[in-house]
Structures are given as C-alpha cells and as structure tokens.
Amino acid sequence: MGYIERQSRDQMLLLPASVDDYVAADNAVRFIAAFVDDLDLGELGFDRFRPKATGRPGYDPADLLKLYLYGYLNRVRSSRCLAAEAGRNLEVIWLLGGLRPDFRTIADFRRVNRPAFKPLFRAFVLLCRKLDLFGRELVAVDGTRLKAVNSRKRNFTQQKLAGWIKLADERIEEYLGRLDRADRAEIEAQGAARRAATLEAKLARVRTRRELHQAMLTELVASGESQLSLTDPDARGMAMHPKVGVGYNAQVAVDARYKLIVEQNVTNSGSDLGFLAQTAGAAREVLGVERIDAVADKGYYKGEDIAACEDIGVVPYVARPQRGSAVASGYFNRTEFRYDPEADCYVCPSGDRLDPYTRTRKDEHIAIRYTNMRACQTCSLKPQCTSGSRRTIDRWENEAVLERMAERLVARPDILDKRRETVEHPFGSIKQWMNQGAFLMRGLANVNA
Ligand code: SF4
C-alpha cells in the first residue's frame with residue numbers, strides 16, 4: 001500500500017484556492033482583523049492614523065498593529081521574526097494582505113506608538129466587558145518579577161561599589177608593598193624583573209577599575225537612586241525566585257470569572273507594597289462598577305494603601321503578615337493581643353490591660369503605643385512576651401480599617417485560595433509564553449508598552 005499522494009507543485013487548478021481558503025472560519029487571525037478594524041486608532045493615540053497627503057505612502061498603522069497582535073498571540077516577539085513571518089506564514093499573509101514590512105518599520109512602529117498600547121489594552125478590556133467575560137465582583141492583584149536586558153554584573157548598589165573600592169584599595173596596598181620589597185632586594189635576575197613588570201600591570205588595572213567604581217559611586221550618590229544599572233538604566237535588582245535578578249515588577253489585576261487580566265502596569269519597585277489601591281482602583285474603573293472586592297497576598301499589607309482602597313470603592317482582602325522583632329524572637333505575636341474599642345485598651349495574653357501612653361510617628365503614619373509597665377514587671381508570661389522591661393503594642397491611628405478587613409477575611413476564608421487560583425494562572429501562562437525569558441526592550445516606558 002502506498003502513501004496518501006500529495007499534489008504536484010506545478011499542478012494547474014481549474015478553480016485555484018484563494019488565501020482566504022487557507023484561513024479557517026474560526027481562526028484567531030479573523031478576530032484580530034475584526035478587532036483592529038473596529039478601533040479608532042486616532043482616538044487611541046496611534047501615529048499616522050491618517051495617511052499623509054504627500055510623499056511616499058507609509059504602512060497603515062492598523063496593519064502593523066495586526067502584525068504585533070498576531071505575534072503576541074503566537075509567541076513571535078522580535079521585529080525580525082515578525083518580518084520573516086510576513087513573508088512565509090499564510091495566516092500573516094492573509095492578515096496583512098500580502099504586505100511585507102521590514103523589521104525596522106515594525107520596530108519603529110512599536111517605538112513611536114509606545115503610549116498608545118495602554119489605551120489599546122483598555123479597548124480590549126472594554127470589548128471583553130461588552131461580551132460579558134468578566135464577573136466584575138472580585139479581582140486578584142499580584143506582582144511578578146520579570147528579567148530585564150541587564151545582567152547582575154552590570155547592576156550596582158552603593159554598598160557593592162563601596163565594597164569593591166575597599167577591595168581595590170587593599171589590592172593596591174598589597175601590590176605596592178610587594179614592589180617595594182622587590183626594589184629593596186635589588187633583584188637583578190631576569191625572572192624577578194618580569195614579576196615586577198607583571199605586578200605593575202596588575203596595579204594599573206586595579207587602579208583603573210577603582211577609578212571607574214569611584215566615578216559610578218559618585219554618580220549613584222548624586223542621583224539619589226538606590227541602584228545603578230548600566231545596560232537598562234531603569235531596571236533594578238530584585239528578588240526573583242529562586243534568587244536575586246535584575247528586572248521589573250509587573251503588577252496585574254485579574255478578574256476571577258475567567259482569569260482575564262483587567263489592569264496591568266510595570267514598575268521597577270522591588271516590593272509590592274503600595275500598589276494595591278492603584279491597581280485594583282484602575283480595574284474597578286475599567287470594569288465600570290461602583291464597588292469591587294480585591295484580594296492580594298501579604299506583600300500588599302500596608303495600612304495607608306488599604307485605607308486608600310476603601311476610599312475608592314475597592315473592598316480589600318489582605319492577610320496580615322507576621323512581621324516585627326517580637327515575631328522574629330518567637331514572642332507572642334500581635335494577634336494574641338485583643339483590642340477593646342470601648343475601653344480603648346489591649347488585653348494581653350495574661351489578661352492584663354495595656355493602656356495608651358504615647359503617640360509616635362512610624363513611617364508615614366501616627367501610631368499610638370499601648371503598655372502596662374506594672375503588670376509586665378510581675379508577669380509569669382514575660383519570658384514568652386518580651387526581653388525588655390515591658391511589652392508595647394503600636395496601634396495605627398486608622399487601625400479600624402485593618403480590623404474591618406480582618407473581620408471580612410474571617411467571614412470569607414476561601415478568598416485567599418481564590419486569589420492563588422485566579423492570579424497565578426495568568427502569570428504562569430505569560431512566563432511560559434515568554435519561554436521564561438526577559439523583556440526585549442530597555443527602559444521603563446518601553447517595557448510598559
Ligand atoms: S509581659 Fe506584659 S504584656 Fe506580656 S503577657 Fe505579661 S503583662 Fe501582658
């Protein structure tokens with residue numbers, strides 16, 4: 001038995017196939033074409049959305065946008081690869097009607113239209129909303145660290161530079177000492193002279209490196225920044241599991257119904273603290289609801305940010321992290337001290353009452369400090385409570401906001417699992433889609449686009 005016979009490449013057909021015949025009715029490229037054709041690119045801020053009256057005609061931004069969206073959906077990320085697809089991929093040939101822009105045109109389109117990508121993403125979210133693809137009741141907020149085009153070797157902190165300068169000084173000292181000793185010994189042997197020449201060369205290299213590091217340290221101190229990155233100046237060293245890398249922190253809010261991203265933003269902050277209200281608030285706005293629940297992990301636990309959520313119609317759910325020196329030392333944690341709002345006091349594990357005695361500024365807020373010196377001095381539980389003369393508990397002025405949130409969490413214990421299921425899925429997909437790789441662009445604005 002033979003194989004299924006293929007058609008000869010020279011075969012003339014009576015009814016030749018059109019490019020459209022190669023693209024199935026449910027192919028995603030048909031959606032890309034319909035979506036982009038329906039957009040008002042001028043309103044979104046795309047450049048050259050109207051052709052120039054004179055000069056050589058350029059590419060329609062709608063065509064280049066279709067190409068980018070195709071690449072995004074098919075893991076074709078670089079402009080050179082997109083240019084290649086335009087010449088060999090039937091779906092792209094269908095999508096662009098046979099246009100073959102070169103890689104520079106494609107890259108320039110992205111560079112020039114950088115600010116328009118965010119409104120474009122919003123337009124897509126609004127379309128999903130129209131199609132009823134969002135539950136619009138709960139969003140999960142999270143951040144993930146993605147690598148930048150900057151190696152760890154080309155990222156410096158003040159501490160790192162100062163350490164290297166100190167090391168260079170020690171080396172210089174050592175080399176000078178060895179040269180002195182060689183001089184004193186008046187060594188005339190040829191081998192010894194060669195060794196001295198090698199030492200001189202090493203000394204010159206260390207001095208050059210020291211000067212470079214000193215100049216970088218001076219620049220870093222003058223800039224007021226915490227880090228200096230040489231390849232991508234906006235990238236920052238941050239914790240990336242399993243180690244520290246240089247990259248960006250991508251923040252997203254994901255709707256719980258179908259795990260679709262509603263809001264996204266890239267920052268170069270190493271921490272998620274302070275991004276809850278900003279991210280969930282923008283998601284609430286684009287989803288067009290008055291109030292929305294937002295759940296996030298402990299990395300978002302910041303009083304001011306949680307209070308800001310309530311002000312903008314976001315109902316936050318963030319579990320309280322166990323931070324502080326008492327927890328690190330294994331003493332009673334804060335949750336074991338119960339606040340009595342009527343008496344304005346805390347009841348400690350021994351059943352004693354801690355009263356307010358001072359107000360202090362803590363970071364950005366005022367904290368009221370509670371204690372009971374007399375009870376602590378005679379308390380049998382003191383070894384489990386504090387190593388000092390008394391235990392103190394700080395209460396943020398606006399702590400009622402956090403207490404309300406704690407009550408909500410008790411009423412909905414499943415919401416933290418829901419967070420994990422909702423937000424970690426898109427991150428997993430994105431990273432796999434990027435082959436666990438890095439952003440291709442440099443600079444915060446480019447990376448955001
Ligand atoms: S040491 Fe002080 S705060 Fe701690 S349990 Fe005893 S009385 Fe209460």
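Heavy atoms only: backbone and side chains are in, while hydrogens, waters and symmetry mates are out. Numbering of ligands and ligand atoms starts at 1, following listing order.
Within the 4.5 Å cutoff, side-chain heavy atoms of K382 are placed close to those of T386.
Not counting sequence neighbours, D234 has no partner by the salt bridge (Lys or Arg N to Asp or Glu O under 4.0 Å) test. Partners of R111 according to the salt bridge (Lys or Arg N to Asp or Glu O under 4.0 Å) rule, which considers only residues two or more places apart in sequence or in another chain, are D108.
The number of heavy atoms from other shown groups lying within 6.0 Å of CD (E174) is above 12.
By the criterion of a separation under 2.8 Å, the protein N/O/S atoms near atom 6 (Fe) of ligand 1 amount to C379 SG.
Side chains of R395 and Y346: a donor on one and an acceptor on the other come within 3.5 Å.
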In residues 164-172, what donor-acceptor pairs under 3.5 Å come from side-chain atoms, sequence neighbours left out?
unit_1, atom_1, unit_2, atom_2, d
D169, OD1, R210, NE, 2.4
D169, OD1, R210, NH2, 3.4
D169, OD2, R210, NH2, 3.4

